K.L.:
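Got a structure for you, written out below as structure tokens; questions coming shortly.
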Number of protein chains: 2
Amino acid sequence: MDPESIRQSLEGSGLRCTPQRYGVMAFLMEHAGHPTAAEIFEAVNRLDPRSTRATIYNNLRDLVQAGLVREVAVEGRSARFDAKGMRHHHFVCDRCGSIEDVEWYEVPRPAAGSLGKRVLRECELIVRGLCTRCAPRGTLSAKRRRRVDT
Amino acid sequence: MDPESIRQSLEGSGLRCTPQRYGVMAFLMEHAGHPTAAEIFEAVNRLDPRSTRATIYNNLRDLVQAGLVREVAVEGRSARFDAKGMRHHHFVCDRCGSIEDVEWYEVPRPAAGSLGKRVLRECELIVRGLCTRCAPRGTLSAKRRRRVDT
DNA sequence: ATCTCATATTAGATATAATCTAAATGTTTC
DNA sequence: GAAACATTTAGATTATATCTAATATGAGAT
Ligand SMILES: [Mn+2]
Ligand SMILES: [Mn+2]
Ligand SMILES: [Zn+2]
Ligand SMILES: [Zn+2]
């Protein structure tokens, strides 16, 4: 990912380009795996400038507010994050819980009658099933939902 | 909601129909508002047999395992629950964060090519926008995402 | 290049949500 | 009614996220 373009998208959103913030943004752009704050913390600190937990959370909050990052809507304990690049849907594995991107396509909107006075902005999809790694092991025992390690 | 049918769905899933468990299930069936564990705790205890926090969580876990209840996939700190009655999609308000049901309809599946070897089970929709209460106030200031009280 | 100050980072404390523990209570089976 | 099993309970514990207020720093102004 182009370092200069990251700097520019940060500054274009009125955010200073600090090493810590840059690290979070760069990591999210390079990893479409929807990491948790803890995973981001560990990853960016494995390289250089040691960020604090608080800094990671602060930056995630700022990046979300700026519209560069979003928190992914999934069930489960900890928030997962996603650099907002190309629009896309999500696939969630019943067995291991991994979340993968699914190529964007327009989805038919609910009938006007069923929406009432609500103002609709977007329709996003959550596709569920078994991921490539879990599919072979059969459709049973989709219980544990334990995230297998990459 | 018919008390006897609740009892039956519990026992049909191999769960004993205790007052505490019944209370959780009945509350979820009567309130399509996707309450948190804390909200359920407070509500069922406002009536009679005082459940413990642990009991609420235990029963939610059991009900989810039994397939009678699901945890709703949304962003945010605490888990939200939903009695699995009729299939439906969800609407999430950008402004107040409220989650409402949207009448079910089949959604076109992703192209086979974009799914790869994944095994697809279901496609559910998250519709975003402004709820009936928030729509009049205009589309701006969709920032706070503070849940307004009912 | 240096100054300046709004912004950002930090360590640690605190808050909140969820789970665990082991003991007590309730229910079913024999 | 005793044994076996399921459920509830209070309280401790863990996990996740946020807050605080002291310090450091980046980027524009000079
Ligand atoms: Mn994604
Ligand atoms: Mn629902
Ligand atoms: Zn999987
Ligand atoms: Zn609203």
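All of these numbers come straight from a predicted model, not from anything done at the bench. Lettering follows sequence order; numbering is per chain, from 1. Quick note: numbers below take in every heavy atom, side chains included, and nothing from hydrogens, waters or symmetry partners.
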K.L.:
Report yes if a side-chain nitrogen or oxygen of A:N58 is closer than 4.0 Å to either non-bridging phosphate oxygen (OP1 or OP2) of D:dA17; otherwise report no.
P.N.:
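Negative; the distance criterion is not met.
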
K.L.:
Polar pairs (N or O, both sides) under 3.5 Å between protein and nucleotides 13-16 of chain D?
P.N.:
| unit_1 | atom_1 | unit_2 | atom_2 | d |
| --- | --- | --- | --- | --- |
| D:dA15 | O4' | A:R77 | NH2 | 3.2 |

K.L.:
Can you measure B:R21 atom CZ to C:dT25 atom P for me and round it to whole angstrom units?
P.N.:
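The distance from CZ of B:R21 to P of C:dT25 comes to 19 Å, rounded to the nearest Å.
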
K.L.:
In whole angstrom, what separates A:E39's CD from D:dA17's P?
P.N.:
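Those two atoms, CD and P, are 11 Å apart.
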
K.L.:
Just the rounded figure in Å: distance from P of C:dG26 to OH of B:Y22.
P.N.:
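After rounding, the reported distance stands at 21 Å.
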
K.L.:
Below 30° counts as parallel, above 60° as perpendicular, anything between as tilted: where do the rings of A:W104 and A:H89 land?
P.N.:
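Because their plane-to-plane angle is under 30°, the rings of A:W104 and A:H89 count as parallel.
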
K.L.:
Could you report the tightest heavy-atom contact between B:E124 and B:E122, atom names first, then the distance?
P.N.:
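Result for this residue pair: OE1-OE2, 3.6 Å.
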
K.L.:
Look at the side chain of A:H34 and the backbone N and O of A:A32, then say whether any donor-acceptor pair between them is shorter than 3.5 Å.
P.N.:
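Yes; at least one donor-acceptor contact below 3.5 Å.
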
K.L.:
I'd like to know whether CD of A:E103 has more than 12 heavy-atom contacts from other residues, nucleotides or ligands below 6.0 angstrom.
P.N.:
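For A:E103, atom CD is not crowded (no more than 12 foreign heavy atoms under 6.0 Å).
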
K.L.:
Taking atom C1' of C:dT27 as reference, at what distance in whole Å does atom CZ of B:R16 sit?
P.N.:
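Going from CZ in B:R16 over to C1' in C:dT27 covers 4 Å.
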
K.L.:
Would you find a donor on one side and an acceptor on the other, under 3.5 Å apart, between the side chain of A:R7 and the backbone of A:C17?
P.N.:
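Pair absent, no side-chain N/O of A:R7 close to backbone of A:C17.
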
K.L.:
Could you state the atom-to-atom distance from CD of A:Q20 to P of C:dT7 in whole Å?
P.N.:
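Rounded to whole Å, this separation is 17 Å.
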
K.L.:
Does a side-chain N or O of A:T55 approach OP1 or OP2 of C:dT9 to a distance below 4.0 Å, or not?
P.N.:
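For A:T55, the contact criterion (side-chain N or O under 4.0 Å from OP1 or OP2 of C:dT9) is not met.
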
K.L.:
Does A:S51 reach a base, just sugar-phosphate, or nothing at all? Heavy atoms under 4.0 Å.
P.N.:
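Touches sugar-phosphate only.
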
K.L.:
Under 4.0 Å between a side-chain N or O of A:T18 and OP1 or OP2 of D:dG26?
P.N.:
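It does not, given that no N or O in the side chain of A:T18 lies less than 4.0 Å from OP1 or OP2 of D:dG26.
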
K.L.:
Atom CZ of A:R53 to atom P of D:dC19: distance rounded to whole Å?
P.N.:
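That distance rounds to 15 Å.
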
K.L.:
Grab the CD1-P distance between A:I56 and C:dA11 for me, whole Å please.
P.N.:
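Value for this atom pair: 12 Å.
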
K.L.:
What integer distance in Å separates A:L15:CG from C:dT7:P?
P.N.:
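These atoms are roughly 11 Å apart.
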
K.L.:
Is A:D62 touching bases, backbone alone, or none of the nucleic acid, heavy atoms closer than 4.0 Å?
P.N.:
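The residue A:D62 makes no contact with any strand.
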
K.L.:
So, for B:Y105 and A:P110, which heavy atoms are closest and what is the spacing to 0.1 Å?
P.N.:
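Here B:Y105 and A:P110 meet closest at OH-N, 3.2 Å.
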
K.L.:
Distance check: side-chain N/O of B:T52 vs OP1/OP2 of D:dT8, anything under 4.0 Å?
P.N.:
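No, no such contact exists.
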
K.L.:
For residues A:V127 and A:V92, determine if any side-chain heavy atom of one lies less than 4.5 Å from a side-chain heavy atom of the other.
P.N.:
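Side-chain contact under 4.5 Å: no.
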
